[in-house]
Number of protein chains: 2
Amino acid sequence: MTSRPPRPRERGIPEATVARLPVYLRALQALQGRGTATVSSEGLAGAAGVNSAKLRKDLSHLGSYGTRGVGYEVEYLIYQISRELGLTQDWSVAIVGIGNLGRALANYGGFGTRGFRIAALLDADPDVVGLTVASLDVRHIDSLEEVVRSKGVSIGVIATPAGSAQGVASRFVEAGVTSILNFAPVVLNVPDGVDVRKVDLSIELQILAFHAQRRADGDGQAERMGLEVT
Amino acid sequence: MTSRPPRPRERGIPEATVARLPVYLRALQALQGRGTATVSSEGLAGAAGVNSAKLRKDLSHLGSYGTRGVGYEVEYLIYQISRELGLTQDWSVAIVGIGNLGRALANYGGFGTRGFRIAALLDADPDVVGLTVASLDVRHIDSLEEVVRSKGVSIGVIATPAGSAQGVASRFVEAGVTSILNFAPVVLNVPDGVDVRKVDLSIELQILAFHAQRRADGDGQAERMGLEVT
DNA sequence: ACGTGCTTGTGAAAGCATGCACAAAGTGGG
DNA sequence: CCCACTTTGTGCATGCTTTCACAAGCACGT
Ligand SMILES: NC(=O)c1ccc[n+]([C@@H]2O[C@H](COP(=O)([O-])OP(=O)(O)OC[C@H]3O[C@@H](n4cnc5c(N)ncnc54)[C@H](O)[C@@H]3O)[C@@H](O)[C@H]2O)c1
Ligand SMILES: NC(=O)c1ccc[n+]([C@@H]2O[C@H](COP(=O)([O-])OP(=O)(O)OC[C@H]3O[C@@H](n4cnc5c(N)ncnc54)[C@H](O)[C@@H]3O)[C@@H](O)[C@H]2O)c1
């Protein structure tokens, strides 16, 4: 290469864009697996299920990595997005609550395509502590602080019942973990500077139900009479 | 009551609002469980982790269900939100792919607080078909159409590997299911009128990693020298 | 009956996000 | 070397979301 494109990073990628970058990354990896070397914004947008203008604007926030008239080089773009997302470094993950869900998560092989490593499993139940799940010993929750320190845990996953989630979150924060992924159906209270994301099955179902009902209501024939079941 | 508030529904609740209603609903149920009869927008907003002005505007889309100077009656508001979300009717759910995740979902008791019923489990693996999981027989995927019809399935959950997800989605659509919740890490292609929502662990982790990296970059002391690890 | 105090519901402003449409920039053929 | 063609990067218009700030409304005490 003769001269490197000198736009390092401009501080401030829109949140909506950040949320789509992983989707682009996955689409790119699929393309790479199929042997594709370059892709147009149109093509990649199709694979990612978004509008091509949106894709171009999103990518433009990372820099000018495309070639006009040609498109984007798949490998290079994978690298740039990975770097932007922080996937070029390793992240140590601890899962707390090794029940139905925690076990599924621990056993989930393709955990995060790259970069994420499950470093520890923790639980409070004496019957669960000591079990080996996915080649890891389940440790007691009391050793959370020690485990976080010794394994360099930077992301905490909470898969305990709702009632225990806030307590676990506080201990994570206390121990210095500033990224938390919460599967329990509660709103977690954490200090500024701690990033919590939630995955909530029940909310997703309710949103689906809302739209389904909306569709059924307006849908043509029935229910035109003012009757309602109350 | 002397005269009912005559605002039935005004067609068109903003999407952002719909996504928060389930959160409010859960907070209200928690309050109800604790014996609270009425709550102010400030109080409910606190419990739901949002700004109180936002909460009031959200609720105003459903109608005028508060009392000035007092707040909202918990029970009444629970009913109104439930009705709006479509939780006063029953929804039949089928889960396809009874592996690690599918089993956890099937065994998940507090499935959706209310309204959602797991009606069928389906898998392609002969070793899995016939098993009893969460008191349900796992049926073969070939009977999907028959199951959807006989059980009145209206929501399909996909928990198969990525490679099978599109096929399963298409069969759901073919069978008349118009609401799909997808756990597989692929973008599904469905016709207009079908509503797909996705839950994607790996995307959530990547977003956390992005913010964590961002925090580490700007964080005060280290890394002020132009060095970068590349 | 009326005033006081509290809380809702909502205009209006500001901030984000989306998508169009096109100039700018590159490729490749003649 | 130039021209025709393709595709990016982005200015701009539009629409959605959030937040502020306050008038309107209701309960309650006097
Ligand atoms: N299973 C699902 O499909 C599913 C779906 C959506 C949400 N969730 C949510 O995920 C969470 C876990 O669900 P599950 O089905 O795995 O429940 P589970 O009861 O099977 O497992 C919970 C585990 O957490 C452990 N635990 C409890 N308190 C703890 C504490 N203070 N510290 C450490 N560990 C503790 C328990 O010992 C148990 O092993 C719940 O909040 C549930 O609402 C589950
Ligand atoms: N386990 C997790 O924690 C987790 C987390 C995030 C995402 N996911 C995703 O969820 C999906 C399931 O994960 P898992 O860990 O349960 O995988 P798994 O391999 O344990 O289970 C997959 C199941 O799907 C069945 N299946 C395969 N093809 C099928 C088909 N065409 N029709 C019906 N059934 C079929 C298999 O027989 C198997 O039982 C995957 O796409 C995975 O990427 C899982």
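Per chain, numbering begins at 1; letters A, B, ... match sequence-line order. Computed from a predicted structure; not experimentally measured.
In this view, Glu15(B) and His211(A) satisfy the side chain to side chain donor-acceptor pair (under 3.5 Å) rule, not counting sequence neighbours. Under the salt bridge (charged side-chain N to carboxylate O under 4.0 Å, His left out) criterion, Arg117(A) pairs with no residue at all, not counting sequence neighbours. Residues satisfying the side chain to side chain donor-acceptor pair (under 3.5 Å) criterion with Ser170(B), sequence neighbours excluded, are Gln166(B). For Glu204(B), the side chain to side chain donor-acceptor pair (under 3.5 Å) test picks out Arg197(A), with sequence neighbours left out. By the salt bridge (charged side-chain N to carboxylate O under 4.0 Å, His left out) test, Glu145(A) is found to be paired with Arg171(A), residues two or more places apart in sequence or in another chain being considered. With sequence neighbours excluded, the residues that form a side chain to side chain donor-acceptor pair (under 3.5 Å) with Asp200(B) are Arg26(A).
Contact check, Tyr65(A) against dT7(D): no side-chain N or O comes under 4.0 Å of OP1 or OP2. Distances shorter than 4.0 Å separate some side-chain N or O of Tyr72(A) from OP1 or OP2 on dG9(D).
Minimum atom distance to the side chain of Ser64(A) is reached by dG9(D), of the listed dG9(D), dA17(C), dG9(C).
Sequence neighbours left out, not one pair with a member in residues 172-194 of chain A passes salt bridge (charged side-chain N to carboxylate O under 4.0 Å, His left out). Here salt bridge (charged side-chain N to carboxylate O under 4.0 Å, His left out) pairs that include residues 51-68 of chain A, with residues two or more places apart or in two chains, are Arg20(A)-Asp58(A).
Between the CG atom of Leu77(B) and the P atom of dT8(C) there is a distance of 11 Å, given to the nearest Å. We find that CG of Leu62(B) is positioned 10 Å from P of dG9(C), with the value rounded to whole Å. Look at NZ on Lys54(B): it is 18 Å from C1' on dT8(C), rounded to the nearest Å. Whole-Å rounding puts the His61(B) NE2 to dT18(D) P distance at 10 Å. Straight-line distance from the OH atom of Tyr76(B) to the P atom of dT8(C): 16 Å, rounded to whole Å. Straight-line distance from the CZ atom of Arg20(B) to the P atom of dC16(D): 15 Å, rounded to whole Å. We find that CG of Leu55(A) is positioned 12 Å from P of dT18(C), with the value rounded to whole Å.
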Per-nucleotide protein contact along nucleotides 20-30 of chain D, 5' to 3', at a 4.0 Å heavy-atom cut-off (B base, S sugar-phosphate only, - neither), is BB--BBBS---
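At a non-hydrogen distance threshold of 4.0 Å, nothing from residues 188-196 of chain B comes into contact with DNA chain D. DNA chain D is contacted by Ser40(A), Ser41(A) of residues 35-47 of chain A, taking any non-hydrogen atom closer than 4.0 Å.
Counting non-hydrogen atoms of neighbouring residues, nucleotides and ligands closer than 6.0 angstrom, the CD atom of Gln89(B) exceeds 12 such neighbours.
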Residues 180-191 of chain B, side-chain donor-acceptor partners within the protein, below 3.5 Å, at least two apart:
from: Asn182(B); atom 1: OD1; to: Ala184(B); atom 2: N; distance (Å): 2.9
from: Asn182(B); atom 1: ND2; to: Ala184(B); atom 2: O; distance (Å): 3.1
from: Asn182(B); atom 1: ND2; to: Val186(B); atom 2: O; distance (Å): 3.3

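At distances below 3.5 Å, not a single donor-acceptor pair connects side-chain atoms of Gln206(B) with backbone N or O atoms of Val23(A).
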